[in-house]
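Structure, as structure tokens:
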There are 2 protein chains.
Amino acid sequence: MANIQQVASLAGVSVATVSRVVNGQLTVSPKTRIKVEQAIKKLNYEPSMLGRNLRTSESRILLVLIPTISNPFYLEIIRGIEDIAISQDYNILLCQTDSNPERENTYFNLVRKKMADGIISMDPAVNIETLVSLSENHAIIQCSEYTIDSGIPFVTIDNEGASFRAVKHLIKLGHNKIALINTDEKYLYARQRQMGYQKALEEHGISINQDYIFHTKQIGLEYGQQAMKKILNLEKRPTAVFAVSDLLAIGALKEINSLGLKVPNDIALVGFDQIDFSNMTNPTLTTIAQPMYKMGTLAAKMLINKIKGEKVESIILDHELVIREST
Amino acid sequence: MANIQQVASLAGVSVATVSRVVNGQLTVSPKTRIKVEQAIKKLNYEPSMLGRNLRTSESRILLVLIPTISNPFYLEIIRGIEDIAISQDYNILLCQTDSNPERENTYFNLVRKKMADGIISMDPAVNIETLVSLSENHAIIQCSEYTIDSGIPFVTIDNEGASFRAVKHLIKLGHNKIALINTDEKYLYARQRQMGYQKALEEHGISINQDYIFHTKQIGLEYGQQAMKKILNLEKRPTAVFAVSDLLAIGALKEINSLGLKVPNDIALVGFDQIDFSNMTNPTLTTIAQPMYKMGTLAAKMLINKIKGEKVESIILDHELVIREST
DNA sequence: CTGAAAGCGCTAACAT
DNA sequence: ATGTTAGCGCTTTCAG
């Protein structure tokens, strides 16, 4: 484990020159450059990030906050973030908060303690007050889930519009008893998607039946299953269900199948996110596709620009309705 | 962004004393402790990990190498690693290699450059020569996929035994035409699981039919689907299929369902890993359960002990056959 | 084109 | 119980 000092000695130059060579500066004569490179090779020298990080006062680490890694929705986003990060010599610390404030605080501390240079938050359950106050001194971007007028730049999709399209699709197929499996209304995306659902119904003169609207505590297969159980027990059973996440929809589908009912004939089903598994179910799931990879790359680029001190603008990306067998 | 120096000035003590307070040393008098704590609060001081890390020559970061995050098998393992890591003030850098040697090398460099204190490798496609040579100077543990006689400690399960049980279960149900969907034999786990398959057949006097053994390039839904397509085109169609991963099995199931065939009546199916989705399929999947969370916690503990310079022993954990609707 | 030297923020050995 | 001080490994002015 040689250090820069030893390399300098062996090459017969100063540490400054070694540093210049290592960092690819052009002000070094070819002759000395070669001397230094040989010394580096001979000593198997690897510059320590520890020294460099302290000196430059940066960690080259990006924090990525997600509720849980078990929702495949985040997979491609993370991939996008990672690709940009690596290309710019950053690394990402993937942090699952599990909606646990204590855990979240542990992660926030990392940026306070300079262990991370910035945060991409995708956690709907994030403590937004803390996030905003943190954003005064640190680079922060929100991805997918965001906060209006917080001053924190975000990249997301038009949740209300996407939801509107999904429900309109069901209406066009002749459904008018359409249930909604939503998550907790404390999340912005949940409110937006519910709004899209309601607007689609209203536009077609279908009155909103509160008995058809269900809220799950979290996103997860089992929550979708439970919600569907309730829906199937309804007196006036809906003929279609819109779930605000594929995970919920797949859980719901499981419940429908278990009871021997058929999708889409007995009940039509629409999900949200187009995760890989949504194409493996029987029948395959109609769903909303989000440009997840792109969302990730943009969030990463925005964050890195923000770290550099540049001004960044929020972005709203397009979505798509993917019609498959479940409708 | 105050530093230790400013806190010391304000509190009227030396930086050493501030450091002692911050690190909870007991050799500080209550009186000065309070003075220091007040100064810390007043200045909103957060100790910089950058300074500390350089000084202690550690990064408090653990590298976790996985092929891809999209196999849910890794989810609980990661959770286990994370829980232990956080409890010991470590953070984990989740690294997807995508079986890309270049990407892998980028990650290896992180430990060479002291950006990480150790590695938990779960990547079957890891360059084992590099890993072994790295293990001479760095703490490394293999988890799930391992290498015999490499000197690198590992935690895993008895792949051959698990596979043996799965196939034996099929035989007991009366099947004798059993296909195997395996991955590339260059991976140890693939060879071990194939060995278990073969031994089970042999033990029951069933001759091994090479036409029934399929190898996919990777683990993924679509690969399972493709393999199943071939299996269903076989002249003597098997009555049962054992896939070495739930992801492959779910892809296979998709293909079976698409053709209107019924599981388990037309074809029985067994997977491996007991991922969440294996209980959402129709029918639910018989599979092998691994103690994933435990595996993760053990791997993390082993790594941290190894970092401390302790000697660590490899561990082989138990598995379980979970019989569900697909057999 | 190169070197000397300061210093990033912290810990810990040593002294008192 | 507390302070002084060296130094972890690096980058970056400033001089020459």
Side-chain angles (χ1 to χ4, degrees), chain A residues 1-40 43-61 89 109-117 137, chain B residues 1-40 43-61 89 109-117 137:
Chain A
M1 296 290 109
N3 62 22
I4 199 171
Q5 182 59 60
Q6 296 170 282
V7 175
S9 302
L10 182 60
V13 298
S14 75
V15 292
T17 301
V18 177
S19 175
R20 288 183 186 109
V21 171
V22 166
N23 294 296
Q25 284 186 36
L26 334 95
T27 65
V28 182
S29 80
K31 228 168 149 180
T32 36
R33 157 159 285 124
I34 290 172
K35 273 197 301 182
V36 172
E37 278 165 353
Q38 284 172 342
I40 287 176
L43 294 176
N44 237 316
Y45 169 68
E46 296 276 357
S48 157
M49 296 297 290
L50 264 27
R52 164 202 278 256
N53 286 350
L54 173 59
R55 176 61 224 228
T56 58
S57 190
E58 60 179 8
S59 64
R60 310 273 342 157
I61 284 179
D89 266 323
N109 274 335
L110 293 181
V111 42
R112 295 196 184 102
K113 292 183 180 175
K114 301 210 183 261
M115 187 83 175
D117 295 340
N137 296 304
Chain B
M1 296 291 110
N3 61 23
I4 200 171
Q5 182 59 61
Q6 296 170 281
V7 175
S9 302
L10 182 60
V13 299
S14 74
V15 291
T17 300
V18 178
S19 176
R20 288 185 187 107
V21 171
V22 166
N23 294 295
Q25 285 185 35
L26 333 97
T27 65
V28 182
S29 80
K31 225 168 151 183
T32 38
R33 156 159 287 123
I34 289 172
K35 273 196 302 182
V36 172
E37 277 164 353
Q38 284 173 341
I40 288 176
L43 294 175
N44 236 314
Y45 169 69
E46 295 277 356
S48 158
M49 295 298 289
L50 264 28
R52 163 200 276 255
N53 286 350
L54 173 60
R55 175 60 223 231
T56 58
S57 189
E58 60 178 8
S59 63
R60 310 276 338 161
I61 284 180
D89 267 321
N109 273 335
L110 293 180
V111 41
R112 296 196 182 102
K113 293 184 179 174
K114 301 210 180 261
M115 187 83 175
D117 294 341
N137 295 305

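Throughout, a chain's letter reflects where its sequence line sits, starting with A, and its residues are numbered from 1. What you see is a predicted model; the values in this text were computed from it and never measured. Reckoned from all heavy atoms, side chains included, excluding hydrogens, waters and symmetry mates.
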Length of the line joining B/Met115:CE and D/dC10:P, which is rounded to integer Å: 14 Å
Measure from CE on A/Met49 to C1' on D/dC8 and round the result to the nearest Å. 16 Å
Check the phosphate of C/dG9 against B/Ser48, side-chain N and O only, distance under 4.0 Å to OP1 or OP2. Yes or no? no
Are OP1 or OP2 of C/dT11 and a side-chain N or O of B/Asn23 less than 4.0 angstrom apart? yes
Just how far, in rounded Å, is C1' of C/dC10 from CZ of B/Arg20? 13 Å
Return yes if some donor-acceptor pair links the side-chain N/O of B/Asp117 with the main-chain N/O of B/Glu58 below 3.5 Å, else return no. no
Of A/Met115, A/Lys113, A/Met49, the one forming a side-chain contact (heavy atoms from CB on, under 4.5 Å) with B/Asn53 is A/Met115
Taking only side-chain N and O atoms of A/Arg52, does any of them lie within less than 4.0 angstrom of OP1 or OP2 on D/dT11? yes
Does B/Ser19 make a side-chain N or O approach to OP1 or OP2 of C/dT11 shorter than 4.0 Å? yes
Is there a side-chain contact between B/Thr32 and the phosphate of D/dT2, meaning an N or O under 4.0 Å from OP1 or OP2? yes
In whole angstroms, the gap separating C1' of C/dG9 from CD of A/Glu58 amounts to 16 Å
What does A/Val22 touch in the nucleic acid at a heavy-atom separation under 4.0 angstrom: a base, only the sugar-phosphate, or nothing? nothing
Under 4.0 Å between a side-chain N/O of A/Thr56 and OP1 or OP2 of C/dC8, yes or no? no
Tell me yes or no: between the side chains of B/Asn44 and A/Arg112, is some donor less than 3.5 Å from an acceptor? no
Checking only heavy atoms, does the side chain of B/Arg55 share a donor-acceptor pair with the base of D/dG9 at less than 3.5 Å? no
Grab the CG-C1' distance between B/Asn53 and C/dT11 for me, whole Å please. 12 Å
Phosphate oxygens OP1/OP2 of D/dA1: is one of them under 4.0 Å from a side-chain N or O of B/Thr17? no
B/Val18 and its side-chain contact (heavy atoms from CB on, under 4.5 Å) partner, picked from B/Val28, B/Thr32, B/Ile4: B/Ile4
Interatomic distance, B/Lys114 NZ vs D/dC10 C1' [rounded to whole Å]: 13 Å
Nearest-nucleotide check on DNA chain D, B/Ser57 vs B/Leu26; residue mapping nearer the 5' end is B/Leu26
Let's go through A/Met1 and B/Lys114 carefully: what are the C-alpha distance in whole Å and the side-chain angles of both, what is the deciding distance for side-chain contact (heavy atoms from CB on, under 4.5 Å) to 0.1 Å, and is it a yes or a no? CA-CA 10 Å; A/Met1 296 290 109; B/Lys114 301 210 180 261; 4.2 Å; yes
B/Leu50 CG to C/dT11 C1', in whole Å, measures 15 Å
Of C/dT11, D/dT2, D/dC8, the nucleotide closest to the side chain of B/Leu54 is D/dC8
Tell me: NZ of B/Lys113 to P of D/dC10, nearest whole Å? 11 Å
Choose from C/dT2, D/dT4, D/dC10 the nucleotide whose nearest atom is closest to any side-chain atom of A/Ile4. D/dC10
